[in-house]
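Just below is one structure, and these are the notes that go with it.
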Amino acid sequence: MTMSTADLLFPDVTRTPADLLAEYAPRDLPEDAIVSRFAPSPTGFIHIGGIYTALISWMLTNQTDGVYILRIEDTDQKRQIEEGVRQIVESLMHFGLVPDEGPYTIGPVEVRGDYGPYLQSERVDIYKVFARDLVEKGLAYPSFQTSEELEAMREAQKAQKVKPGYYGPWAKDRELTEEQIAERLAAGEPFVIRVRAPYPNKRKAAIKDVVRGKMELPGNDKDMVILKSDFLPTYHFAHAVDDTLMRVNLIVRGDEWLSTLPLHVQLFEMLDLPVPTYAHISPIGKQDEGSKRKLSKRKDPEAAASYYLEKGYPARAILEYCLNLINSQFENWRVENPEAPFAEFPLDLSRMSPSLALFDLDKLDSISKDVIATYNAQEVYQAALDWAREYDPDLAAIIEADRDYSITVFGVERGGEAPRKDLANWSDVREAYGFFWDELYAQSIAEQGYIFPDVAPEDIASVMDFIIGHVQDLPDRDTWLQDMRDFSEEAGFAPNRKTYKKDPDAYKGQFGDVMMIYRVALANQRYTPDLYEMVQALGIERTVARLERVKQWAEG
RNA sequence: GCCCCAUUCGUCUAGUGGACCAGGACGUAGCCCUCUCAAGGCUAAAACAGGGGUUCGAAUCCCCUAUGGGGCACCA
């Protein structure tokens, strides 16, 4: 008796596609619920574009009471990276984009789901069922070419100036008889399974794409590999099988898949499965020597999502920036809904631009400043500390040493109507607030000396004298300022710049100089928050100590 | 080389045949406020890639060119 090619190829397959379709039944969800998935390779590296894609899926599925799945595309055994899955999940958790279903256990959090396995390498038996089905229907066949033969074929095609690929007349094994196949199988020749694409293919592939609208692409006529020689599927086949069985109804992915879309549509049709809706999104790019290009994992450190975390951008700022790229209406929505969680923003893929967007760090900074401006002092303290523990341990130790004081510091000019917007990320903390902590203040003086304006030392000393006496019993803000003005004038400083400019020789300087002396004495910086608030935050003791030291310096 | 996709200020974009001498945001510049910054307010410079059509009328529709992006793997 002779065995069919399908039996020869897949002797251990007992189930049919119908069995699997029944096993992974349609989900019991609201009519318009979106089921989507994030499907990275397990390299551990998350591209900022990955976060961008995951964010879209997360938003849409959350807003429709759908399901957001993490599926790991580990079908390329050459690229395995240990711990990759864990790193991916941790990154997603850091951004708050936690999948509803997936292959992971992190600490107490165990996430599985009824539509797994979620690791493609564990789904081999499932792919075989569908591959066998195609072989039985004559829509797929084993192909025995070696990579050398394929390379030679491509060379020949290049020489003849015809399009490269395994198709029609070039597809040598397309017309192998069952007997021939049986022989070569018996001889133990390695093989792959290829789809039998119509050739020539005049039919156009009709596609529903939420970002680009309706499209018609030339139908596929290449006999693409669906199962590799190790029986692991290629992306194309896994996409059709997995997204069907997981009942995914919206495929969000990069537009690099556009060119293989006709193949995907063809696969669904061959398997007699409904074609899902797609959202092909454009990549994030950067300006590179006058031209735009996609952010490259190899060349651009800023392609890694972790890059922004290291800099200390709050996850929310990064996500809000991404939202801004996805739908520019987001920024108007944000103005109208300053308090609302960004997850409530009605994301609309049809309003997304189909072309490449450049990542704009200035814009990120601006958004991040707005985000941080909504934090209260404790939140700033906590977030800055969390960041510093990982990326700037010295700073962490310093701000942690006196928690109450640090919170007071972060409360300067914060929480009112117009909060300071001087932090775009946590690595800005040192520069903007460092001087508040004695250690960093002393360090600054040690490194660059005092940076007073050009005023005689004895005048600085006399300013110190006055402030030291005056600061002991700090009056209200207006009085304080008026006292400073009065002192300044009595001490021989012009009341304002204009007056000073008119007759520079008549004055020691101007009021602003006095205040600058005050400021530098306390911070050794030219740029600081409001002086009055600074004094309050520093406290009398610390303030006087700094002033005394300056006085000594000025006198000596 | 072939195929697909895209193209509005520096950047992200609004714009779906007349409401556009093209609007907003970031960035830039100036002014105001002011003890320095930050913020805030006001103002300014700044774009429909080019060429042909279609139409009474085009940023918007069609064609060509240019430029950019992506693909042409037993990688995703």
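Note on naming: letters A, B, ... go to the chains in the order of the sequence lines (proteins, then strands), and numbering restarts at 1 for each one.
Not less than 6.0 angstrom separates the ring centroid of A/Phe237 from the ring centroid of A/Phe130. Proximity of the aromatic rings of A/Tyr235 and A/Trp257 is defined here by a centroid distance below 6.0 angstrom, and this criterion is met. The aromatic ring centroids of A/Phe466 and A/Tyr518 lie 6.0 Å or more from each other.
Comparing A/Pro354 and A/Lys161 against RNA chain B, the residue whose closest nucleotide sits nearer the 5' end is A/Lys161. In this structure, A/Glu413 and A/Gly165 both approach RNA chain B, and ranking their closest nucleotides by distance from the 5' end singles out A/Glu413.
Using a 4.0 Å cutoff on non-hydrogen atoms, the parts of residues 317-330 of chain A near RNA chain B are A/Asn324, A/Leu325, A/Ser328, ordered by number. For the segment residues 204-225 of chain A, residues with any heavy atom less than 4.0 angstrom from an atom of RNA chain B are, sorted by number, A/Arg212, A/Leu217, A/Pro218, A/Lys222, A/Val225. Of the residues in residues 480-493 of chain A, those lying under 4.0 Å from RNA chain B by heavy-atom distance are A/Leu481, A/Arg485.
An OP1 or OP2 oxygen of B/rA76 is reached within less than 4.0 angstrom by a side-chain nitrogen or oxygen of A/Thr75. A close approach under 4.0 Å does not occur between any side-chain nitrogen or oxygen of A/Arg253 and OP1 or OP2 of B/rA76. Using a 4.0 Å cut-off, no side-chain N or O of A/Arg414 falls inside it from OP1 or OP2 of B/rA38. For B/rA76, the OP1/OP2 oxygens have a side-chain nitrogen or oxygen of A/Lys228 closer than 4.0 Å.
Spacing of C1' atoms, B/rC56 relative to B/rG27, comes out at 42 Å, to the nearest Å.
Annotation: salt bridge (charged side-chain N to carboxylate O under 4.0 Å, His left out) contacts involving residues 188-198 of chain A, sequence neighbours excluded, comprise A/Arg184-A/Glu189.
The closest side-chain donor-acceptor pair between A/Glu320 and A/Asn324, if any, does not fall under 3.5 angstrom. With hydrogens and angles left out, the side-chain atoms of A/Asp365 and A/Ser368 include no donor and acceptor closer than 3.5 Å. Donor-acceptor pairing under 3.5 Å is recorded for the side chains of A/Glu149 and A/Thr146.
Counting to the nearest Å, the P atom of B/rC37 and the OH atom of A/Tyr518 are 19 Å from each other. The interatomic distance linking A/Lys297 (NZ) with B/rC75 (P) rounds to 16 Å, in whole Å.
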Quick one: which protein N/O atoms are closer than 3.5 Å to N/O atoms of nucleotides 40-48 of chain B? Pair and distance per line, please.
unit_1 : atom_1 : unit_2   : atom_2 : d
B/rG40 : OP1    : A/Lys421 : NZ     : 3.4

Tabulate protein N/O versus nucleotide N/O from nucleotides 61-70 of chain B, keeping only pairs under 3.5 Å, one per line.
unit_1 : atom_1 : unit_2   : atom_2 : d
B/rG68 : O3'    : A/Lys292 : O      : 3.0
B/rG69 : OP1    : A/Lys292 : O      : 2.8

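Residue-to-nucleotide contacts include no donor-acceptor pair under 3.5 Å from the side chain of A/Asp422 to the base of B/rC37.
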